[in-house]
Amino acid sequence: MEKNNRFFEGCGKEGPIKCIFLCEFHPTAGPKITCQVPEDHISKDTFEAVSVYLIPKTQLLRSTLTITACGIKIIGFPVRIDDKKYARNAFQFNVCFVCDYWARTVQYESVVKKLSDFLIVLEIESSFLSQREENKSMHESLVLMFSKVLEDINKSNMCTLTEGSASTHLKVVKVRQDPLPVLDHQVPVFIDGSEHYQAEHWDLTTQQVLPFIDGINHVAKIAAQADVDNNLVKTCLQNLVYYLVVKMVPIFQYSNSYTVTPKLRQLAVDKKLQGDCLRYVAKSGWQLPNFRDVFKLYCSMTHGTTVRDLCVRYNPSSLKIDERKLVQFGCVQGLIRRIHKYPITVGDNEDTVINNRFTGLLSTDEICCNLGIPMSQLEATIEADPNVIVISK
Amino acid sequence: MDVDPLSVILVKSDSKGDRLLFRYPYEINKRQENGQLHRKKNPYALIVTEDLQGPPPQNYSTEKDCLANFADDILSNLFAVKQELCEAKFELKVNDVRFVGHPTMVPPCSRKGKAPNRPIVLINIVFALHATANHSVVKCYYELSKRFGVALKHEERRVGYVYQEMKAMIAAHDDYGRPEEGAEVRNPFEVILEQCSLARDLRKAYNDLKISGLVQLRVNRWIYLSFCLPQKVHQLHNRALMVEPEAIDKCLESIRPYHGILLLVETNQLLDSLVPDASPALIRLLKIYTPLKSLQTLSADADLTLTQVFNLSGHLVYWGKAIFIYPLCETNVYMTAPGAPVHCRSHLVEKFAEQFSGYSLIQVMSEFSLPISVRHKLSPLSSDPHLDVQIIIWLLQQRLIMQLHTYIYYMPTSKGLPQQETSSPEDAVTSSDETGGESNWGSQQSQDDCLSRLPPEERNALSSGGTEHIRLLVRLILLDYLQGEHHIEEIMYTENLRRSQLMQLLDKFREVLVTCEAQDPALALFYPQ
């Protein structure tokens with residue numbers, strides 16, 4: 001019962017590969033499974049029921065086909081090699097992964113395609129697939145290859161195959177939603193501390209940008225300091241956001257106000273998160289603050305209460321808390337969120353550079369960053385103009 | 001995420017083979033398309049054998065919404081499934097298009113005891129969706145395909161409807177193949193649409209799904225088919241919203257009798273739109289509905305059981321006619337919802353001005369920039385308090401404001417919440433009952449008694465404060481109400497307390513009681529995340 005609860009269709013979880021098989025169009029017998037690891041995972045009846053989707057019509061060749069039926073999910077990439085040497089002038093085959101019906105399988109699609117392309121190369125160079133009936137050793141090496149893919153991918157999400165002089169690398173890349181565009185005024189923060197990410201496996205631009213990510217600099221400043229084009233920095237950061245290396249948070253200012261999210265409850269009950277939090281927000285490494293004080297500070301963050309107000313009321317440094325880190329931890333973990341102010345002009349105002357930006361679509365942060373003016377100046381402008389209304393949300 | 005259908009396809013398969021009977025939308029200039037296909041198959045074209053990667057797979061859905069890249073025979077070949085896959089969910093993904101359907105076996109009608117002289121036919125109504133459509137959307141479309149199948153099965157048994165329609169469709173396709181002399185060549189699908197009511201029903205279903213998410217039609221003017229795509233109907237209220245049936249089910253589990261409902265449409269309009277055989281209980285509930293009352297009060301007023309009211313409200317939410325709220329009252333605190341689309345060019349600004357002349361949406365919204373209670377909003381200076389309430393209701397309907405509740409965390413020591421006690425919850429309940437039942441209120445002994453239920457390190461913090469307060473506090477602590485899971489209104493409801501009692505408690509023990517204001521997580525699904 002419990003198992004049913006955890007894995008149901010649409011639970012959104014990823015599942016292991018259960019089986020890998022190769023099916024081909026046999027010149028006399030028609031569609032047929034010719035190699036399967038582990039053996040007899042797919043019965044003959046099941047295969048016949050879905051064979052039309054595994055060995056499809058010509059128009060659907062080189063398409064990723066995923067069929068969910070009979071309690072399983074099969075991902076395949078049917079291909080055909082045209083050559084006079086084959087019995088019907090063509091050799092059509094499909095290498096397929098089988099997963100549980102409830103599993104998410106998009107991440108395997110590119111792997112299936114790549115494996116299929118690798119087999120095409122082997123077939124063209126050495127008739128690796130078509131000669132198997134005569135040459136038992138070729139069949140065995142195919143079984144070994146499938147076992148290796150199955151085992152390695154389920155264990156470590158990657159696999160390196162070598163067959164004769166050809167080799168290929170398979171890697172399962174997690175498919176996530178596209179990250180939101182990165183904006184000039186946002187600040188990138190490392191999610192798990194920066195030390196893990198100084199490695200050389202990033203591209204050159206990212207390597208140039210990485211040292212300037214310190215949780216304080218905003219995007220436009222990083223671009224200037226690293227001497228990299230602004231848009232390139234944004235692309236780099238968006239990439240890092242995708243891989244969950246950094247998170248974009250709003251720039252820290254004492255005039256900001258924040259509000260708690262429902263996730264704050266997790267901080268109250270999750271001991272591990274509490275430990276992380278205390279270490280992160282501590283003013284100095286050797287004296288951790290008191291958890292109740294930290295929690296109280298978070299709870300006091302509401303609309304209209306700026307960080308400056310909090311500092312005046314609680315004096316965080318006497319509580320051994322660094323307010324900047326407190327806000328940063330809250331934003332990265334999603335315990336609090338920034339309340340942005342959106343100025344809107346109502347009525348007729350003269351067309352000035354600044355008035356044109358009071359549409360309600362741009363936050364004060366964006367306006368300041370766009371025009372390169374300090375927040376205090378913008379606030380004074382808004383204050384002085386009776387036609388400008390501010391909505392915080 | 002895209003919840004709209006790309007296409008609807010009807011395929012049959014019987015002893016005479018498989019055939020695509022109808023698809024909608026269909027391409028208008030079919031000839032031209034065919035010409036292009038032929039050009040691709042140029043026998044003299046140079047085949048570059050080294051090009052192992054082949055041409056990149058085409059993106060089917062992006063090119064045209066009607067899936068012109070899938071030829072009719074390809075589709076019929078894919079959807080005329082083998083018998084093993086019949087009467088079950090059929091799901092196939094081809095590159096970036098996902099097809100879902102419920103292949104149905106339709107046994108032929110037998111008139112007056114005569115054995116049917118026609119073979120069983122397989123009918124598959126398939127919806128093509130974007131591959132990114134999530135599972136709950138796919139499930140809803142599957143449900144619709146299944147319902148169509150059941151209706152068709154019934155109509156075939158009753159009057160042989162499927163056979164007639166099928167015959168007419170096949171005839172239209174065949175006539176297209178060999179046009180009569182002098183007659184103008186017409187697209188077979190056009191002819192089918194004119195002649196076959198089934199094709200018109202499928203077209204209506206497709207269009208309605210795209211426009212409103214609601215399908216209401218009579219198959220063969222006989223079987224009533226009504227279907228709602230909750231993701232779509234809620235999206236029409238707020239574009240950023242994704243309300244899934246599973247989320248509604250989950251929300252219903254956490255809804256309590258003190259919650260209320262807020263209709264998103266005019267009550268009278270909703271009553272008019274109901275089908276004649278709608279449940280009388282629903283009509284009764286709608287007639288006495290007000291957003292000021294809790295579900296419990298509504299059930300008493302409508303003379304329905306609470307379970308019935310829960311079910312009816314869940315139904316209204318599913319159909320996008322209502323959302324759950326905490327009933328409107330003076331002490332409710334509201335503020336602007338994050339991401340509320342209020343700006344110069346927002347259509348809501350005009351809509352608001354039409355509804356409430358003399359008020360400006362932007363002005364009203366700026367008043368909610370700081371959390372404000374209804375009591376404060378309804379200032380004595382306000383000329384028309386009724387109008388102010390109407391405005392709040394409108395803002396809630398548009399999801400421009402949301403309610404904040406106060407949650408209480410009991411943190412007796414600097415470590416935060418007390419460690420989980422070893423005693424079982426039942427123990428805690430019985431002990432609190434005893435506390436409530438004791439008659440010696442105010443005696444020193446009972447205060448110690450109360451405190452003795454707590455671990456020693458927590459007692460010190462509570463020693464100040466009156467006995468009565470300590471008694472209440474200990475009761476709430478032992479019942480686990482002070483762990484930030486229950487808001488003040490819920491504690492008031494379940495423990496039958498007055499707000500002032502809790503406020504006094506918060507004031508007396510502010511050293512150990514930390515409060516925070518947040519949204520009710522049970523209702524979070526009605527706001528874009």
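No experiment lies behind these values; they were computed from the predicted model shown. To find a chain, count down the sequence lines: A is the first, B the second, and so on, and within it residues start at 1.
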Self-check item: A:Phe358 versus chain B, the contacting section by heavy-atom distance below 4.5 Å
Solution: backbone
Quiz item: Checking A:Ile344 against chain B: side chain, backbone, both or neither under 4.5 Å from a heavy atom?
Solution: side chain
Exercise. Answer yes or no: is there an ion pair linking A:Glu366 with A:Arg357, defined by an N-O contact shorter than 4.0 Å?
Key: no
Self-check item: Salt-bridge criterion met for B:Lys93 and B:Glu91 (N-O under 4.0 Å)
Solution: no
Quiz item: Do side-chain atoms of B:Asp18 reach the backbone of B:Ala80 as a donor and acceptor pair under 3.5 angstrom?
Solution: no
Practice problem: Identify, with sequence neighbours excluded, every residue that meets salt bridge (charged side-chain N to carboxylate O under 4.0 Å, His left out) alongside A:Asp276. | Solution: A:Lys272, A:Arg279
Quiz item: What residue among A:Lys113, A:Glu123, A:Arg62, A:Gln92 forms side-chain contact (heavy atoms from CB on, under 4.5 Å) with A:Val79?
Solution: A:Arg62
Exercise. Look at the rings of B:Phe90 and A:Tyr53 and say which category their plane angle falls in: under 30° parallel, 30 to 60° tilted, over 60° perpendicular.
Key: tilted
Quiz item: Given a strict heavy-atom distance threshold of 4.5 Å, which part of B:Arg345 is in contact with chain A: side chain, backbone, both, or neither?
Solution: side chain
Exercise. Heavy atoms only, distances under 4.5 angstrom: which of A:Leu361, A:Val260, A:Leu61, A:Val50 has the most pairs with chain B? Name it, please.
Key: A:Leu361
Quiz item: Is it the backbone or the side chain of A:Thr345 that comes under 4.5 Å from a heavy atom of chain B, or both, or neither?
Solution: backbone
Quiz item: Can you tell which of A:Gly360, A:Ala49, A:Ser257 has the highest number of heavy-atom pairs within less than 4.5 Å of chain B?
Solution: A:Ala49
Exercise. Measure B:Val342 against the heavy atoms of chain A and call it side chain, backbone, both or neither at under 4.5 Å.
Key: both
Quiz item: chain B: which of A:Pro289, A:Ala69, A:Cys299 shares the most heavy-atom pairs with it under 4.5 Å?
Solution: A:Cys299
Self-check item: Selection from B:Met335, B:Gln83, B:Met365, B:Glu517 maximising heavy-atom pairs under 4.5 Å formed with chain A
Solution: B:Met335
Exercise. State, yes or no, whether a side-chain contact exists between A:Ile72 and A:Cys99 at a heavy-atom distance under 4.5 Å.
Key: no
Practice problem: Check the surroundings of atom CD in B:Glu84: do more than 12 heavy atoms from other residues, nucleotides or ligands lie under 6.0 Å from it? | Solution: yes
Quiz item: Under a 4.5 Å heavy-atom cut-off, does chain B meet the side chain of A:Val106, its backbone, both or neither?
Solution: side chain
Self-check item: Residue part contacting chain B, namely of A:Val390, when any heavy atom lies under 4.5 Å
Solution: backbone
Exercise. Please look at B:Ala131 and chain A and tell me whether the side chain, the backbone, both or neither of the residue comes under 4.5 angstrom of a heavy atom of that chain.
Key: neither
Practice problem: Pick whichever of A:Lys296, A:Glu109, A:Met301, A:Lys393 has the most heavy-atom pairs under 4.5 Å with chain B. | Solution: A:Lys393
Practice problem: Pick one of side chain, backbone, both or neither for A:Asp293, based on which atoms fall under 4.5 Å of a heavy atom in chain B. | Solution: neither
Quiz prompt | chain B contact via A:Leu264 - side chain, backbone, both or neither, heavy atoms under 4.5 Å | solution = both
Quiz item: Run the ring pair (Phe, Tyr, Trp, His ring centres under 6.0 Å) check on B:Phe99 and B:Phe79 step by step: do they pass?
Solution: CA-CA 9 Å; B:Phe99 298 97; B:Phe79 303 142; 5.0 Å; yes
Quiz item: Any idea which of B:Leu78, B:Leu370, B:Leu404 has the most non-hydrogen atom pairs under 4.5 angstrom with chain A?
Solution: B:Leu78
Quiz item: Given that the side chain runs from C-beta out, which part of A:Glu48 has a heavy atom under 4.5 Å from chain B: side chain, backbone, both or neither?
Solution: backbone
Practice problem: Could you have a look at B:Pro341, B:Pro521, B:Ala340 and say which one has the most heavy-atom pairs with chain A under 4.5 angstrom? | Solution: B:Ala340
Quiz item: For the candidates B:Gln363, B:Met411, B:Lys82, which exhibits the highest count of non-hydrogen atom pairs separated by less than 4.5 Å from chain A?
Solution: B:Met411
Exercise. For chain A, find which of B:Ser346, B:Pro338, B:Ser136 contributes the most heavy-atom pairs closer than 4.5 angstrom.
Key: B:Pro338
Quiz item: Between A:Arg265 and A:Asp270, does at least one N-O distance fall below 4.0 Å, as a salt bridge requires?
Solution: no
Exercise. Go through the steps to decide whether B:Tyr409 and B:Tyr407 satisfy the test ring pair (Phe, Tyr, Trp, His ring centres under 6.0 Å), and finish with yes or no.
Key: CA-CA 7 Å; B:Tyr409 292 87; B:Tyr407 291 84; 7.7 Å; no
Exercise. Mind ranking B:Thr515, B:Asp73, B:Val138 by heavy-atom pairs under 4.5 Å with chain A and telling me who comes out on top?
Key: B:Thr515
Exercise. Without swapping roles, check the side chain of A:Gln274 against the backbone of A:Leu267 for a donor-acceptor pair under 3.5 Å.
Key: yes
Exercise. Could you note down all residue pairs passing ring pair (Phe, Tyr, Trp, His ring centres under 6.0 Å) where residues 256-275 of chain A supplies at least one of them, sequence neighbours left out?
Key: none
Quiz item: Tell me, side chain or backbone of A:Ile389 under 4.5 Å from chain B's heavy atoms, or both, or neither?
Solution: side chain
